[in-house]
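Atoms considered below: every heavy atom in the structure, side chains included; atoms not considered: hydrogens, waters and symmetry mates. Indexing begins at 1, ligand by ligand and atom by atom, following the structure's order.
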Amino acid sequence: MTHQVRAVVARGKGAPVSLETIIVPDPGPGEALVRIEACGVCHTDLHYREGGINDDFPFLLGHEAAGVVESVGEDVADVAPGDFVILNWRAVCGQCRACLRGRPWYCFDTHNAKQKMTLTDGTELSPALGIGAFAEKTLVAAGQCTKVDRAASAAAAGLLGCGVMAGIGAAINTGNVGRGDSVAVIGCGGVGAAAIAGAGLAGAAKVIAVDIDDRKLETAKKLGATHTVNSKDVDAVEAIGALTGGFGADVVIEAVGRPETYKQAFYARDLAGTVVLVGVPTPEMKLELPLLDVFGRGGALKSSWYGDCLPSRDFPMLIDLYLQGRLDLDAFVTETIALDEVEKAFERMHHGDVLRSVVVL
Ligand code: APR
Ligand code: ZN
Ligand code: ZN
């Protein structure tokens with residue numbers, strides 16, 4: 001059997017997305033069919049539409065999603081119809097060298113559904129990040145579904161599927177922020193704001209938010225920033241130094257993805273401190289640093305892939321903290337929109353008006 005559902009498709013480079021009817025197959029072995037309840041709009045979706053990821057048009061966009069499992073393939077045991085799940089793009093394989101060494105959060109061989117979703121004329125769709133959730137229903141690998149408490153709002157929960165998890169994980173997993181640490185976060189969009197919330201969860205004593213947009217600094221305060229720095233007006237490195245006794249922060253999280261802000265992170269860190277790069281650079285960007293400074297300042301320079309998250313460990317835990325009122329995921333949902341408003345949401349995102357627009361179905 002197949003399902004005909006409405007979905008947001010990017011048909012060609014730079015062209016506005018369109019609402020289309022697509023065909024979704026019933027789940028085969030290892031697969032799950034999920035009825036989507038909410039899906040956030042992320043920069044990566046826009047990046048796909050602009051042809052910045054690859055040329056495999058048409059794309060089925062959307063990947064920060066939560067919904068209810070409608071049916072599963074015959075051999076699927078981990079999730080069952082009726083489960084409320086967050087979709088992830090790290091379905092761990094259990095077999096690769098990372099998994100076999102007990103580090104599944106790095107899994108180098110994640111997987112997606114084998115069967116293809118198509119347009120009504122049979123053209124195969126490429127789902128964004130192997131998910132494709134700006135759709136009433138989508139087909140994923142069962143391992144891409146993580147069951148969480150049904151009491152959570154779908155709009156808030158879905159955001160853990162990508163940017164918000166990346167930010168929280170940059171602080172708690174990659175940066176290993178601990179009680180009493182000083183933390184600075186450069187760039188306070190959806191990802192950076194989540195890193196601020198994550199630093200607070202981990203017990204940071206001081207959380208310094210740095211951005212060039214005062215609106216973002218206001219949200220950062222709501223999520224637990226103890227200090228804010230507008231780096232359009234002042235030097236970020238000096239300001240972070242002044243707020244940390246002249247030493248720099250124990251952990252500095254770069255959530256922009258640019259060489260200038262990476263350098264700020266590098267020099268705004270205390271000796272033996274940690275820099276976490278969670279912002280994603282573009283291919284032409286280069287970084288130049290005196291090698292003596294890399295050596296002389298010690299510590300760790302780390303990159304954070306998807307917050308080094310393990311969905312089965314991190315999603316249920318973060319949803320529990322949300323339901324206890326200890327993690328304000330609702331603060332990331334700037335607006336909820338309909339499926340046919342994704343193009344408008346891209347526009348607002350481009351202007352920096354929102355942390356996240358979330359499609360609610
Ligand atoms: N200094 C400080 N902040 C900056 C600078 C700068 N030079 N340039 C931009 N910013 C701020 C913006 O004002 C914005 O608040 O960085 C923030 C970026 O946020 P978003 O555009 O909302 O992006 P976000 O979804 O948070 O993702 C940030 O992480 O996962 C990656 O691909 C993603 O590279 C992107 C980054
Ligand atoms: Zn693996
Ligand atoms: Zn994303």
Distance under 4.0 Å to a non-hydrogen atom of [X]: what atoms of ligand 1 satisfy this?
X    : result
A255 : 28 (C), 36 (C)
G279 : 29 (O), 31 (C), 34 (O), 36 (C)
V278 : 29 (O), 30 (O), 31 (C)
S231 : 1 (N), 2 (C)
T261 : 1 (N), 6 (C), 7 (N)

Distance in Å, [X] [atom1] paired with [Y] [atom2], rounded so as to fall on 0.5 Å steps:
X    : Y    : atom1 : atom2 : answer
T274 : R269 : OG1   : CZ    : 7.5 Å
C39  : L159 : SG    : CG    : 9.0 Å
I212 : D214 : CD1   : CG    : 10.5 Å

Do I186 and E260 have side chains that get closer than 4.5 Å, going by heavy atoms?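 A side-chain contact is absent here, since even the closest heavy-atom pair is not under 4.5 Å.
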Would a 4.5 Å heavy-atom cut-off, applied to side chains only, mark I53 and F59 as touching?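 Of all side-chain heavy-atom pairs linking F59 with I53, none is under 4.5 Å.
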Given the ring of F332, does R356 sit roughly above its face, with NZ or CZ under 6.0 Å from the centre of the six-membered ring and within 45° of the axis?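 Output no; distance or angle outside limits.
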Going through the distances and angles, do D149 and Y322 end up as a side-chain hydrogen bond (donor to acceptor under 3.5 Å, both in side chains)? CA-CA 10 Å; D149 193 328; Y322 163 68; over 6 Å; no
Using a strict threshold of under 4.0 Å (side-chain N to carboxylate O), is an ion pair present between D320 and R326?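 Salt bridge absent between R326 and D320.
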Flag the pair E218 and K221 as a salt bridge only when some basic side-chain nitrogen lies within less than 4.0 angstrom of an acidic carboxylate oxygen.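 A salt bridge links E218 with K221.
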Test salt bridge (charged side-chain N to carboxylate O under 4.0 Å, His left out) on D250 and K206; report intermediate values, then the result. CA-CA 10 Å; D250 296 311; K206 198 170 272 178; over 6 Å; no
Decide whether an N or O pair under 3.5 Å exists between [X] and ligand 1.
X    : value
G190 : yes
D213 : no
V191 : yes
V256 : yes
R258 : no
V280 : yes

Ligand 1 contact by G163, heavy-atom criterion under 4.0 angstrom: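 Contact absent.
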Report yes or no: does H43 have a heavy atom closer than 4.0 Å to ligand 1?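 For ligand 1, residue contact (heavy atoms, under 4.0 Å) with H43 is present.
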For atom 5 (C) of ligand 1, which candidate among I212, N230, D214 provides the closest heavy atom?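 Nearest heavy atom to atom 5 (C) of ligand 1 lies in I212.
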Nearest heavy atom to atom 17 (C) of ligand 1: which of G40, A166, G189 does it belong to?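 Shortest heavy-atom distance from atom 17 (C) of ligand 1: G189.
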Parallel, tilted or perpendicular, judged at 30° and 60°: which one describes the rings of W305 and Y106?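 It falls in the perpendicular class, over 60°.
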Atom 16 (O) of ligand 1: the protein heavy-atom neighbour that sits closest, reported with distance to 0.1 Å: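 Checked against all protein heavy atoms, atom 16 (O) of ligand 1 sits closest to G187 CA, 3.6 Å.
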In terms of residue, atom name and distance, what is the protein heavy atom nearest to atom 15 (O) of ligand 1?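 Protein heavy atom at minimum distance: D211 OD2, 2.7 Å.
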Can you count the protein N/O/S atoms lying under 2.8 Å from the Zn ion (ligand 2), leaving waters out?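 My tally for this metal is 4.
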Pairing donors with acceptors under 3.5 angstrom, does anything connect the side chains of Q4 and T21?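 No pair is found: no donor N or O on one side chain lies under 3.5 Å from an acceptor on the other.
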So, does [X] use its side chain to make a donor-acceptor pair with the main chain of [Y] at under 3.5 Å?
X    : Y    : answer
E136 : R6   : yes
H111 : A91  : yes
R215 : G352 : yes
K116 : E124 : no

Around atom CZ of F247, are there more than 12 heavy atoms of other residues, nucleotides or ligands at under 6.0 Å?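 Open.
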Could you check L19, V360, I36 and say which one makes a side chain to side chain contact (heavy atoms under 4.5 Å, CB included) with L339?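 Single pass found, and it is L19.
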For ligand 1, indicate whether the residue R356 contacts it via side chain, backbone, both or neither (heavy-atom separation under 4.0 Å).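 Within the 4.0 Å criterion, R356 contacts ligand 1 through side-chain atoms alone.
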Just to be sure I read this right, does ligand 1 sit under 4.0 Å from the backbone of A236, its side chain, both, or neither, counting only heavy atoms?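 Neither part.
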Heavy-atom pair of closest approach, residues I168 and L160: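 What the structure gives for the nearest pair is CD1-CD2, 4.3 Å.
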With a cut-off of 2.8 Å, which protein N/O/S atoms are close to the Zn ion (ligand 3), if we only count those under it?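 N, O, S partners closer than 2.8 Å: C42 SG, H63 NE2, C162 SG.
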